[in-house]
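Have a look at the structure below, then the notes.
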Amino acid sequence: AAALAALRRADLLAALCQESHGDFSQVSGAELRAAELRFPLPARAFLAAPPSASPSAPLALAPVLPPQAAAQRVEATLAQLRRAGVVAILRAKGSPEVAVRRAAELVELGCRAIEVTMDSSDWPAILGEMRRRLPADVVLGIGTVMDDTVCDLGRAAALGAAFALSPIEPLGFVEECHRLGVLAVPSGFTSNECWRLHCRGVRLIKLFHAGAVSPAILKSMLDVTPLSSMNILPSGGVSPGNVEAWWAAGACCVGMGSNLVGQELGLEPGSAQFEAAASTWEASEREAARRLFAAAAARAARAAVS
């Protein structure tokens with residue numbers, strides 16, 4: 001699907017460039033998007049899936065939305081993440097099935113937003129299966145999007161991803177997300193980096209690595225009146241022990257990986273390390289997760305009446 005989308009855009013751009021003077025394209029991104037809307041891809045257009053494609057996550061092409069509809073979908077997803085308060089990050093280096101089961105368990109504990117990273121084992125299968133098994137009001141997304149995986153955003157959206165996070169700002173990432181109606185969450189670290197992303201229309205900015213700063217620094221940043229309009233998601237170093245401080249500092253929501261979802265997702269099932277991590281989850285981490293999601297729900301309830 002990503003290859004088909006890329007070929008289609010290349011064909012449209014080549015046609016539009018016929019009016020350019022000189023050796024360089026003068027076609028703007030807005031003109032290209034308008035052409036995509038004017039000449040939509042036929043519903044039955046397809047490319048043969050590569051032999052390595054997962055049968056449980058077939059290739060599909062997410063529709064290109066009209067700009068207004070795409071923007072409305074982005075805002076709706078932002079509102080969902082704000083209410084959720086925390087995004088549970090699944091980085092599944094072991095069994096995809098273990099990751100899907102843990103996602104279902106997290107939802108039972110109260111989780112309402114889950115991300116699967118693109119460096120997980122068979123992320124399309126994990127994302128697709130989560131979307132099939134989990135309630136519709138649980139918002140799903142992908143993470144660790146890099147320059148070479150921006151082309152997979154269309155496939156991720158078709159599998160159910162409503163948001164996409166990155167530890168950087170990949171080339172074309174924000175534009176492709178907006179085109180698909182996916183909430184783009186690129187990373188910034190300084191107030192200048194975050195503000196530049198905000199001025200480009202980024203509705204949620206990942207503060208990464210949050211563990212290298214502090215809630216006090218985020219509060220100081222957002223206390224500056226123009227900067228207070230930014231929506232910030234701290235990630236990296238956030239834990240059940242400090243999440244309240246990040247919320248109090250003004251975080252829209254936070255991202256939390258193994259500090260929340262357990263350590264065994266990165267381990268091989270059946271190994272001694274996996275069994276030890278699973279025991280730790282049952283002994284203490286599961287209850288810590290339940291308390292965290294209860295706190296997030298209480299925070300959302302307070303916001304709804306304020």
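Count residues from 1 along the sequence.
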Rounded distance (nearest 0.5 Å) linking atom CD of Gln273 with atom CD of Glu275: 10.0 Å
4.5 Å side-chain heavy-atom contact, Leu204 and Phe163: no
Test applied, salt bridge (Lys or Arg N to Asp or Glu O under 4.0 Å); reference residue, Glu105; option that passes from Arg290, Arg133, Arg286: Arg286
Leu127 CG to Leu159 CG distance, which is reported to the nearest 0.5 Å: 5.0 Å
Backbone of Lys93 reached by a side-chain donor or acceptor of Ser121 within 3.5 Å: yes
Single-linkage hydrophobic cluster, 4.5 Å side-chain cutoff, Phe208 and Val150 together: no
Smallest separation among heavy atoms of Leu260 and Val86, with atom names: CD2-CG2, 4.1 Å
Candidate pair Thr117 and Asp119, rule side chain to side chain donor-acceptor pair (under 3.5 Å), full reasoning: CA-CA 5 Å; Thr117 65; Asp119 59 344; 2.6 Å; yes
Over all atoms of both residues, closest heavy-atom pair of Trp246 and Val213: CH2-CG2, 4.1 Å
Contact check, side chains of Leu81 and Cys252, non-hydrogen atoms, under 4.5 Å: no
Audit row: Arg102, Leu265, side-chain contact (heavy atoms from CB on, under 4.5 Å) steps and yes/no: CA-CA 8 Å; Arg102 179 54 49 84; Leu265 297 186; 4.0 Å; yes
Enclosure of Ile217 CD1 (heavy-atom neighbours >12, cutoff 6.0 Å): yes
Val261 and Ile89, any side-chain heavy atoms less than 4.5 Å apart: no
Heavy-atom neighbours of Arg131 CZ exceed 12 at 6.0 Å: yes
Arg196 CZ: over 12 foreign heavy atoms closer than 6.0 Å: no
Residues Ser228, Thr225; criterion side chain to side chain donor-acceptor pair (under 3.5 Å); working and verdict: CA-CA 5 Å; Ser228 63; Thr225 302; 5.6 Å; no
Verify same cluster id: Ile232, Val238 (apolar side-chain graph, 4.5 Å): yes
Nearest heavy atoms of Ala88 and Cys111, plus distance in Å: CB-SG, 3.9 Å
Non-hydrogen side-chain atoms of Arg112 and Gln80 separated by less than 4.5 Å: no
Least distance between heavy atoms, Gly201 atom then His178 atom: O-CE1, 3.6 Å
Where Val254 and Met256 come nearest, the two heavy atoms and their spacing: CG2-CE, 4.0 Å
Salt bridge present between Lys206 and Glu169 (N-O < 4.0 angstrom): no
Spatial distance of atom CG (Leu218) from atom CG (Leu227) [nearest 0.5 Å]: 10.5 Å
Validation row: Phe173, Ile168 side chains within 4.5 angstrom (heavy atoms): no
Side-chain donor/acceptor of Glu193 to backbone N/O of Phe189, under 3.5 Å: yes
Shared hydrophobic cluster for Val202 and Val185 (ILVMFWY, side-chain gaps under 4.5 Å): no
Gln68 atom CD: more than 12 heavy-atom contacts under 6.0 Å: no
Value rounded to 0.5 Å, distance of CZ in Arg299 from CZ in Arg83: 12.0 Å
Close side-chain approach of Trp123 and Met118, heavy atoms under 4.5 Å: yes
Approximate separation, where rounding is to 0.5 Å, of Leu180 CG and Leu65 CG: 7.5 Å
Met146 side chain reached by Pro167 side chain, heavy atoms, under 4.5 Å: yes
Spacing of CG belonging to Leu222 relative to OG belonging to Ser229, to within rounding of 0.5 Å: 9.0 Å
Student check: side-chain heavy atoms of Leu134 and Ile114 closer than 4.5 Å: yes
Same apolar cluster: Val139 and Leu109, side chain cutoff 4.5 Å: no
Backbone of Ala216 reached by a side-chain donor or acceptor of Ser220 within 3.5 Å: no
From Thr149, Ile126, Leu165, Leu153, residue fulfilling side-chain contact (heavy atoms from CB on, under 4.5 Å) relative to Ile142: Leu153
Basic-acidic side-chain contact under 4.0 Å: Arg101, Glu97: yes
Flag, side chain of Asp152 to backbone of Pro124, donor-acceptor distance under 3.5 Å: no
Hphob cluster co-occupancy, Phe293 + Val138, side-chain heavy atoms under 4.5 angstrom: yes
Minimal non-hydrogen separation, Glu285 against Ala277, with atom names: OE1-O, 4.5 Å
CA sep, side-chain torsions, deciding dist, call: Arg179, Glu175, salt bridge (Lys or Arg N to Asp or Glu O under 4.0 Å): CA-CA 6 Å; Arg179 189 177 73 91; Glu175 294 76 12; over 6 Å; no
